[in-house]
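In what follows, a single structure is set out as structure tokens and then discussed.
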Amino acid sequence: MMIMAVAASNESPNRNTEDKTSARRQNEVNKKLKYISLAILVIQNASLILSIRYVRTLPGEHFYTTSAVVMAEVLKVLTCLVIILIQKRGNVKSFVSLLYDSLVVQYLDTLKLAVPSLIYTLQNNLQYVAISNLPAATFQVTYQLKILTTALFSVLMLRKSLSKIQWISLVLLFAGVAIVQVEQEGGKQKEAVTSANQNYFKGLVSVIISCLSSGFAGVYFEKILKGSSASVWMRNIQLGIFGTVLGLLGMWWNDGAAIAEKGFLFGYTPMVWGVIFNQAFGGLLVAVVVKYADNILKGFATSFSIIVSTITSVYLFGFHVDLIFTLGAGLVIGAVYMYSLPKPNSSTSSTSTSSSSHSKGGDSELDAFLPKSVLVK
């Protein structure tokens, strides 16, 4: 008995050492994944806006944005179907059974997504209009108003409470965007936009409506799907089906005659395909990596992408950055970061919350980023 006790006492330090080593390795892996997630979020946020701006300001005839929205939805649905088929290990019978059950048997849950899908389709088209008429950096800064609209709709529709820091950050956000708009209205940018046959006011109205629709759709989406067991991929299929149908209707209404004459793929250059692939797959990629990123990291990624977009716009589009724009953009960047900070009373429970969300596969965080998968961006 004494020998067994001594052996057990010798094993326990070894186990503790092994546990500490494995925990240290896991922490290192998580740290690397966080940095990788940060890079992907920044690249996706900045590249899509810059690439859309680039292809929409090239000389010559342009592709039809309504067809690009439809094509992105089709690619997104096909990608999600492939992912689900892979999850079913290629079992076609199980795959078809899941689709039938989710889309047909539970048709009421599917119909619930018609409203957010309609809003997202409108939002995607409006963002093309906005980016086509606004400098990329101005759009990136102004589009952060979606944080304000989402917060307000969350308070009104979901009865959520905001901390004092979050309310202050929303005031700073609004002030920063207002400063940027005042500077743009009276500065050189308006002249540059007007000279390029672009309508600054049209772009501004489009981005504001897009922010309102984004905030409402995101909160409505969260409200109607609370407690739903559908996977993030199935939800994107449901959204994509409605998005494709509604996008086709919008395409027929707005560009039907022109597309009938010139073709659905008119103006599709390799760069345009790059935009569409980024639009379709970028959001899904973000949905995968975002479970490794906490709110602070997501806020930092958004802030950093504004800086990247501004710097790139200077060299790519000749964007002029002055002191007033820097002040406004700085307020927006700081506000985005402040809003992402955890509430003081929830800091103690953040560890348990994050661990439980990861144990569920990160579904809650994936759900929070679902709008990303249908965003122009």
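The structure displayed is predicted, hence computed values, not measured ones. Both backbone and side-chain heavy atoms feed into the values below; hydrogens, waters and symmetry mates do not.
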Classify the angle between the aromatic ring planes of Tyr143 and Phe139 as parallel (below 30°), tilted (30 to 60°) or perpendicular (above 60°).
parallel
Is Val180 reachable from Val171 through a run of hydrophobic residues whose side-chain heavy atoms are each under 4.5 Å from the next?
no
Would you say Met71 and Trp273 make side-chain contact, with heavy atoms under 4.5 Å?
yes
OG1-CZ distance between Thr57 and Phe317, expressed to the nearest 0.5 angstrom
5.0 Å
To the nearest 0.5 Å, what is the distance between OG1 on Thr65 and CG on Asn124?
10.5 Å
Can any side-chain N or O of Ser169 pair as donor or acceptor with the backbone N or O of Gln166 at less than 3.5 Å?
yes
From Asn125 atom CG to Ile209 atom CD1, the distance as rounded to the nearest 0.5 Å:
12.5 Å
For Gly250, does its backbone N or O pair with a side-chain atom of Asn254 as donor and acceptor, under 3.5 Å?
no
Could you grab the distance from atom OG1 of Thr138 to atom CD1 of Ile131, nearest 0.5 Å is fine?
12.0 Å
In the structure I gave you, are the side-chain heavy atoms of Ile241 and Glu73 within less than 4.5 Å of one another anywhere?
no
Among pairs that include at least one residue of residues 88-104, which meet salt bridge (charged side-chain N to carboxylate O under 4.0 Å, His left out), considering only residues two or more places apart or in two chains?
none
How about Leu134 and Tyr200: do any of their side-chain heavy atoms sit closer than 4.5 Å?
yes
May I ask you to test the Phe319-Thr312 pair for a side-chain heavy-atom distance under 4.5 Å?
no
Do the non-hydrogen side-chain atoms of Leu103 and Met234 ever get within less than 4.5 Å of each other?
yes
Spatial distance of atom OG (Ser47) from atom CD1 (Ile40) [nearest 0.5 Å]:
11.5 Å
Quick one: which residue pairs count as a ring-ring contact (aromatic ring centres under 6.0 Å, His included) with a foot in residues 44-85, not counting sequence neighbours?
Tyr64-Phe266
Checking the side chain of Thr150 only, and the main-chain atoms of Ile147 only, is there a donor and an acceptor separated by less than 3.5 Å?
no
Do Thr149 and Phe216 touch side chain to side chain, with heavy atoms closer than 4.5 Å?
no
Rounded to the nearest 0.5 Å, what's the gap from CZ on Arg53 to OG on Ser132? Could you check?
7.5 Å
Just wondering, do Leu162 and Tyr339 contact through their side chains at under 4.5 Å, heavy atoms?
yes
Sequence neighbours excluded, the answer for salt bridge (Lys or Arg N to Asp or Glu O under 4.0 Å) partners of Lys262 is Glu61
